[in-house]
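Below, chain A is the first sequence line, B the second, and so on; all start at residue 1. What you see below is based on every heavy atom in this structure, not just the backbone, and it leaves out hydrogens, waters and symmetry mates.
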Amino acid sequence: MIGVTLRDDGGKVVAETASRLGQRDAARVSETVARMMRLGDDLAPFYAKVAADDALRWAAAGAGRMLASPTVFEDVVKTICTTNCSWSATTRMTEALVALGGGAFPEPDVLASTPDRWYRGVARMGYRGPYVKAIANDVVSGRLDLESLFVRDGRSDEDVEATLLALPGIGPYAAAHVMQMLGRHRHLVLDSWTRPKYLRLTRKRRAADRSIRHAFSRYGEHAGLAFWLFLTRDWVSEG
DNA sequence: CGTCCAGGTCTAC
DNA sequence: GGTAGACCTGGACGC
């Protein structure tokens, strides 16, 4: 495990470590940081789309690079830990996982060999424990290659979505969420946080998922990103 | 104390 | 294809 500190240097991301790294480790660190900050995504087409958009023009200043985990596996597991529970429960489960990993998120082989009683008794993950362990097992055995989902090798959104939906504990919400982390922004993340927030911002009394999707359909492959930025504009001071 | 629900999903109709 | 119930957990709330 390598401790890395990130800082902003006039618009550039600088990753620093306590001691000098070899070429191999240095390459791994920059590769990981690039994935976490989605530096490989070209958002210019999205920015061009919102240029004439009163609600989202602000985003063209450089918004929309949502922080991802170092691995797809980590994003999948963390996302399962957001389902059907409070945010405090999500952070508690995630903290337990990181403690298990000795300060870093545990590798699949660690999660695969961790006894069920740890999931239940220590992490308090409830029914999610078996889901996570099953996914870890499939990754370790090679039946499942989650990291390949990060590579934009011409694989369609539908294909990636189907792979994610096939995982235990991953439904429509979780698949859309992980896909955002993969730079696939077509699907809207619809859940018990985004739905009410949308109603509040639009001053609507109610809105079916179908009509929310329709409201953002004009953003095409960026509909999910547009939805998310619409909802989180108030997170950015210079809105 | 019981009930409800939180950044849902699964199974069985 | 759509819907009803069950599901770990724990915090909020009413009684």
Engineer: In whole angstrom, give me the gap between the P atoms of B:dG7 and C:dA4.
Structural biologist: 23 Å

Engineer: Just by distance, no angles: are the side chains of A:Thr71 and A:Ser69 close enough, under 3.5 Å, to form a donor-acceptor pair?
Structural biologist: no

Engineer: With P as the reference atom in both, quote the distance from C:dG11 to B:dT9 in angstrom, rounded to an integer.
Structural biologist: 23 Å

Engineer: Before giving the answer on salt bridge (charged side-chain N to carboxylate O under 4.0 Å, His left out), spell out for A:Arg218 and A:Asp53 the whole-Å C-alpha distance, their side-chain angles and the decisive distance to 0.1 Å.
Structural biologist: CA-CA 11 Å; A:Arg218 64 199 174 87; A:Asp53 191 316; 3.4 Å; yes

Engineer: Measure from CG on A:Asp209 to P on C:dT3 and round the result to the nearest Å.
Structural biologist: 12 Å

Engineer: Cut-off 3.5 Å, side chains only: do A:His185 and A:Glu221 have a donor facing an acceptor?
Structural biologist: no

Engineer: State, with a plain yes or no, whether a side-chain heavy atom of A:Ser148 is found less than 4.5 Å away from one of A:Arg155.
Structural biologist: yes

Engineer: If a protein heavy atom is under 4.0 Å from the base, mark B; if only from the sugar-phosphate, S; if neither, -; do that for nucleotides 6-13 of chain B going 5' to 3'.
Structural biologist: BBBSS---

Engineer: When the P atoms of C:dG2 and B:dA6 are considered, how many whole Å apart are they?
Structural biologist: 24 Å

Engineer: Provide the distance between the two P atoms, one in B:dG8 and one in C:dG1, to the nearest whole Å.
Structural biologist: 25 Å

Engineer: Would you mind reading off the distance between A:Met125 atom CE and C:dC7 atom P, rounded to a whole angstrom?
Structural biologist: 19 Å

Engineer: For DNA chain C, what are the stems built from at least three Watson-Crick or G-U pairs in a row, each pair having both distances below 3.5 Å?
Structural biologist: B:1-6 with C:9-14, B:8-13 with C:2-7

Engineer: Taking atom P in both C:dC15 and B:dC5, compute the distance separating them and give it to the nearest angstrom.
Structural biologist: 15 Å

Engineer: Does A:Glu74 come within less than 4.0 Å of A:Lys78, counting only side-chain N to carboxylate O?
Structural biologist: yes

Engineer: Check whether NZ of the Lys or CZ of the Arg A:Arg128 lies under 6.0 Å from the centre of the six-membered ring of A:Tyr119 and within 45 degrees of that ring's axis.
Structural biologist: no

Engineer: When you compare the side chains of A:Ser156 and A:Asp159, does any donor N or O come within less than 3.5 Å of an acceptor on the partner?
Structural biologist: no

Engineer: If only side-chain N and O atoms of A:Arg124 are considered, is one of them under 4.0 Å from the OP1 or OP2 phosphate oxygen of C:dG10?
Structural biologist: yes

Engineer: Apply ring pair (Phe, Tyr, Trp, His ring centres under 6.0 Å) to A:Trp235 and A:Trp58, showing your working.
Structural biologist: CA-CA 12 Å; A:Trp235 291 6; A:Trp58 65 273; over 10 Å; no

Engineer: With a 4.0 Å cut-off on N to O distance, would you call A:Asp116 and A:Lys133 a salt bridge?
Structural biologist: yes

